[in-house]
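Naming convention: chains lettered A, B, ... in sequence-line order (proteins, then strands); numbering from 1 in each chain.
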Number of protein chains: 2
Amino acid sequence: MAKEKKQLRPKAETPKGFRDYFGAEVDERKAMLDRIAEVYHAYGFDALESSAVETVESLGKFLPDVDRPNDGVFAWQDEDEKWLALRYDLTAPLARVYAQHRNDLPTPYRRYAMGPVWRNEKPGPGRFRQFYQCDADTVGSASMAADAEICAMLADTLEHVGIPRGDYVVRVNNRKVLNGVLEVMGVAEGETREAVLRTIDKFDKVGEAGVRELLGKGRLDASGAYIDGVGLDEAQAEPVMGFLAAKKKVVERLAAELEGRSDSNSADYRLLANAWSLENGPERAKGNSHTPETGKVISDRLLGYLLELVGSSDQGREGVHELREIADLLNAQGYGPDRIVIDPSVVRGLGYYTGPVFEAELTFEITDEKGRPRQFGSVAGGGRYDDLVARFTGQSVPATGVSIGVDRLLAALRAKGRVGGSARGPVVVTVMDRDRMADYQAMVGELRRAGIRAEVYLGNPKNFGNQMKYADRRGSPIAIIEGGDEKARGVVQVKDLVLGAEIAKSATLEEWKDRPSQHEVSRAEMCDFVKALWDQYNA
Amino acid sequence: MAKEKKQLRPKAETPKGFRDYFGAEVDERKAMLDRIAEVYHAYGFDALESSAVETVESLGKFLPDVDRPNDGVFAWQDEDEKWLALRYDLTAPLARVYAQHRNDLPTPYRRYAMGPVWRNEKPGPGRFRQFYQCDADTVGSASMAADAEICAMLADTLEHVGIPRGDYVVRVNNRKVLNGVLEVMGVAEGETREAVLRTIDKFDKVGEAGVRELLGKGRLDASGAYIDGVGLDEAQAEPVMGFLAAKKKVVERLAAELEGRSDSNSADYRLLANAWSLENGPERAKGNSHTPETGKVISDRLLGYLLELVGSSDQGREGVHELREIADLLNAQGYGPDRIVIDPSVVRGLGYYTGPVFEAELTFEITDEKGRPRQFGSVAGGGRYDDLVARFTGQSVPATGVSIGVDRLLAALRAKGRVGGSARGPVVVTVMDRDRMADYQAMVGELRRAGIRAEVYLGNPKNFGNQMKYADRRGSPIAIIEGGDEKARGVVQVKDLVLGAEIAKSATLEEWKDRPSQHEVSRAEMCDFVKALWDQYNA
């Protein structure tokens, strides 16, 4: 019997790895997404809201020989035996949508999409199985102008949501340059190539020295285990190391060149010296940013150095050429290296993309949960992927795009104080006489028409203390009281709860008795009086 | 081999019953939801975004003895054997959220939620398996003030999104009144009661006469089949018929009373006559609405008549009393019968709710797909349901709320011309010289900073005709051309595509040659010139 009862009473909980979002959490995310959409819209991108449910084949997951596909997606079998699944990103659905509707869509098709995606993965702290993505993509254009536009739009977006210039940088790299480097190394294909790629992917984690060891004999990892290396000798590993540390190399070379020169008064010398100083010297330490001229010095030399690295590889030279095109387009529009830079150390997702790749990083420091300062890091990434639509149509369709990590960007805005904190609750009109509910509802009606968020207390009004506790939990700045006595005298009491809380912290008994946070106001003047206080507290 | 290839190339299609939403469809729905949220927020309701995935038990669906539960929800088994499902409405998740977080939430808890829900049902024309809902509920208040507030908020919401007063009516009924009527009829429980309830549910479809037949011997339905009746005699059926047609009955009685009176110059007579006329006479035909006084006449008599019908039933009397409380509260706030009326013929969902029920109906006519005029009908419904949270906690928690049918309301706004139609595409800057892409991108940057949506053509620029076709497909009002000749002369060509399309319809060859829709403007003045045109076309 007890068991049956238990079955009838389900446990009130979200499934593991899912969560609910309340009040300000929802409002703040929505406000940020609205700001992002404003920029995307201004750039001519159209909204697309595709179905949350896709066929498993569309998502690019193929049925394994087991009962159901569970490799990362939530999937189930439809009544006509088809496997359906929740989308795990917004890119695979875009490819399906474009293949399905391509005759009705403009070409190129610029679209943005924002909404939840679902991952059937092990949840962890801060890692949920449902989360928001926010993507913008251009399908059907092979032009580097499309990639440059995405980078510029990403910079504009970050500034529009409240990340000031100087607090972020968009880094651009190109998959083809790496392919060229691998070609030069003689590992254009085969197992060694895969091993080198896997090693490069660890760059963010183990750094330059770590990658060098892993390309060679191997290294002891943090846990003390010895990780076997790829087995390249130092000369063989040099091109890929040069690629990853290209920027550093170029700045070192520039320093060496300046040391060797004696024309320190020439305009050319001064330009180079300034470029160096802004990259790695006193000007940088002061927090100063490149001018278009100094930025061009660095990117020209970087591109020149990459061209050396890829040698005679056609693909490599094409990659460098593409990077140069993007850099030129962006420079011409004033997106200098204070906002967007060429940076071969961007390796994230190189496997997935086929050409340019981008990453937006926030450069300010935050303190982590243990109080240690650290860089905020990446909030968006993307690149060119020319093979996705071909899965459906057989025809390759060029495409490029970016995905913003909504939760991380929101966390950054909170860290910057750009969202949250100041949101106050509604004005609460208390109920002193339950037979005069209509009076109290008329009051909130009046307040709302004056643009004030307001509500009547709808719980059991018997205990006034509960009404005040409710106002406190709602974060209300103001409560209004109209008892029988006030009604008879044509007045209301307006309680300033913000000031009240302040006073409660420090007031003496005498001050407390004066109740400076409570104002008696004529009923006719209530709305104006409350409006002035409301505007003050919601400024 | 051919078969293998086919397997590798999935068909690009949404699963059956799902669809994608493009551009203006997404923007218009979002704009409407934003407007709704403004009203909900002003009333003190907080946003809640619960997880899209719930445990099957939470949703109130219990595992049948088959492999998977498929009674209306999309469900699948988690790796730890738990059955999960997509939410099928926003009410069941609210009950789960409130039960789970009740110690951290204010009581009463006012919340709103908007988002997709999923139904594993047979799709049909206009019936999709994923669609939006938009709900507002107050949990934890037993007060009729909570129900009255929901009704007032619903009326405010409809006006705020663009349905003018007079084009909608919110009808209010109460489940307990019907229970009282059934009690009086001697069918308070058992099979006959269920049969009577099922018959009442058909009221919207078969009308008063149809229900009368079905409560009695039965009737021939439209297909020619004979449907057996409940078997009540006419006297037995009278109370429920009176309940369903109460409004009509009251108005008939009023007419009879007026006929029998001889004091046609008294103020009382004139008030009653006016009330009748506004309900069913010449004043109604003129489209005039009740005053608070005439509205009170009708609702007082209606409530009096319902009190007769429920006789000595305690539950019935309680229901009438609740209706009177709601009517009084609403009248005191000025929500008269031009906006909100008591109407016992509202029977939809009576089974689900435990007290007051509401329905918002749009009263204007539209023409259906066959060109016939018909009433637009219901766009929102709700009521009080006091038993939902108890499923989790064992404690009954009073709750009341409303759900707006997002797609129907959007269709109504389209029918009223309140959304859609005028949305224009971005300005398109054409590419005449692919080496000057940076110039063209600088132009769109300039236009965007002036608040103009603008984009560069990113397809292959070789064929100028394709660029114009693209601008046409984008719905662009303006295209800009800067060829080598224009560049040399410091000018651009601004093509007014709206005027161009107008002229193309009617122009003579001579007029056509003059190209009045193309303007040569100096490059420096481009932005101001385009801005003036843009504002004109996006007014």
Counting only heavy atoms closer than 4.5 Å, note whether [X] contacts chain A via side chain, backbone, both or neither.
| X | answer |
| --- | --- |
| B:Thr393 | backbone |
| B:Arg434 | neither |
| B:Thr107 | backbone |
| B:Leu48 | both |
| B:Gln333 | side chain |
| B:Tyr470 | side chain |
| B:Ala52 | both |
| B:Leu330 | neither |
| B:Arg110 | side chain |

Ignoring hydrogens and geometry, is there a side-chain-to-backbone donor-acceptor pair from [X] to [Y] under 3.5 Å?
| X | Y | answer |
| --- | --- | --- |
| A:Arg9 | B:Arg391 | no |
| B:Ser141 | A:Gly459 | no |
| A:Ser51 | B:Arg19 | no |
| B:Arg453 | A:Phe45 | yes |
| A:Arg96 | B:Ala12 | no |

Between the side chains of A:Lys30 and B:Asp34, is the shortest nitrogen-to-carboxylate-oxygen separation below 4.0 Å, so that they form an ion pair? yes

Answer yes or no: is there an ion pair linking A:Asp156 with B:Arg449, defined by an N-O contact shorter than 4.0 Å? no

Measure [X] against the heavy atoms of chain B and call it side chain, backbone, both or neither at under 4.5 Å.
| X | value |
| --- | --- |
| A:Asn466 | neither |
| A:Arg129 | side chain |
| A:Tyr109 | side chain |

Winner by heavy-atom pair count (cut-off under 4.5 Å) against chain A, out of B:Ser50, B:Ala390, B:Pro106, B:Ala142: B:Pro106

Between B:Thr138, B:Asp27, B:Val456, B:Asn460, which residue shows the highest count of heavy-atom pairs closer than 4.5 Å to chain A? B:Val456

For A:Arg473 versus B:Asp104, what's the shortest heavy-atom pair and its separation? NH1-C, 3.8 Å

If every non-hydrogen atom of B:Pro10 is compared with every non-hydrogen atom of A:Phe392, which pair is closest and at what distance? O-CD2, 3.3 Å

State whether a side-chain donor-acceptor pair under 3.5 Å links A:Gln100 with B:Glu13. no

Does either side chain, that of B:Gln441 or that of A:Tyr335, offer a donor lying less than 3.5 Å from an acceptor on the other one? no

So which residue, [options], ends up with the most heavy-atom pairs under 4.5 Å with chain B?
| options | result |
| --- | --- |
| A:Val39, A:Leu105, A:Leu84 | A:Leu105 |
| A:Ala145, A:Ala438, A:Ala442, A:Ala332 | A:Ala145 |
| A:Tyr43, A:Phe128, A:Tyr21 | A:Tyr43 |
| A:Arg29, A:Lys82, A:Met144, A:Glu325 | A:Arg29 |
| A:Ala146, A:Ala113, A:Pro15, A:Ala99 | A:Pro15 |
| A:Lys469, A:Glu54, A:His101 | A:His101 |

Can you list everything that forms a side chain to side chain donor-acceptor pair (under 3.5 Å) with B:Asn331? Sequence neighbours excluded, please. none

Classify the ring geometry between B:Trp76 and A:Trp76 as parallel (under 30°), tilted (30 to 60°) or perpendicular (over 60°). parallel

What verdict does the side-chain contact (heavy atoms from CB on, under 4.5 Å) test give for B:Leu86 and A:Val53, after you've listed the backbone C-alpha separation in whole Å, the side-chain angles of each residue and the deciding distance to 0.1 Å? CA-CA 10 Å; B:Leu86 290 172; A:Val53 178; 4.2 Å; yes

For B:Arg436, check salt bridge (Lys or Arg N to Asp or Glu O under 4.0 Å) against everything at least two apart and list the hits. B:Asp433, B:Asp439, B:Glu482

Could you walk me through whether B:Asp46 and A:Arg474 pass the side-chain contact (heavy atoms from CB on, under 4.5 Å) test, one step at a time? CA-CA 10 Å; B:Asp46 274 354; A:Arg474 296 291 284 127; 2.8 Å; yes

Determine whether B:Lys16 and A:Asp80 make a side-chain contact, defined as any pair of heavy atoms from C-beta on separated by less than 4.5 Å. yes

The test is side-chain contact (heavy atoms from CB on, under 4.5 Å); show your working for B:Glu49 and A:Asp20 and say whether it passes. CA-CA 6 Å; B:Glu49 185 168 332; A:Asp20 306 309; over 6 Å; no

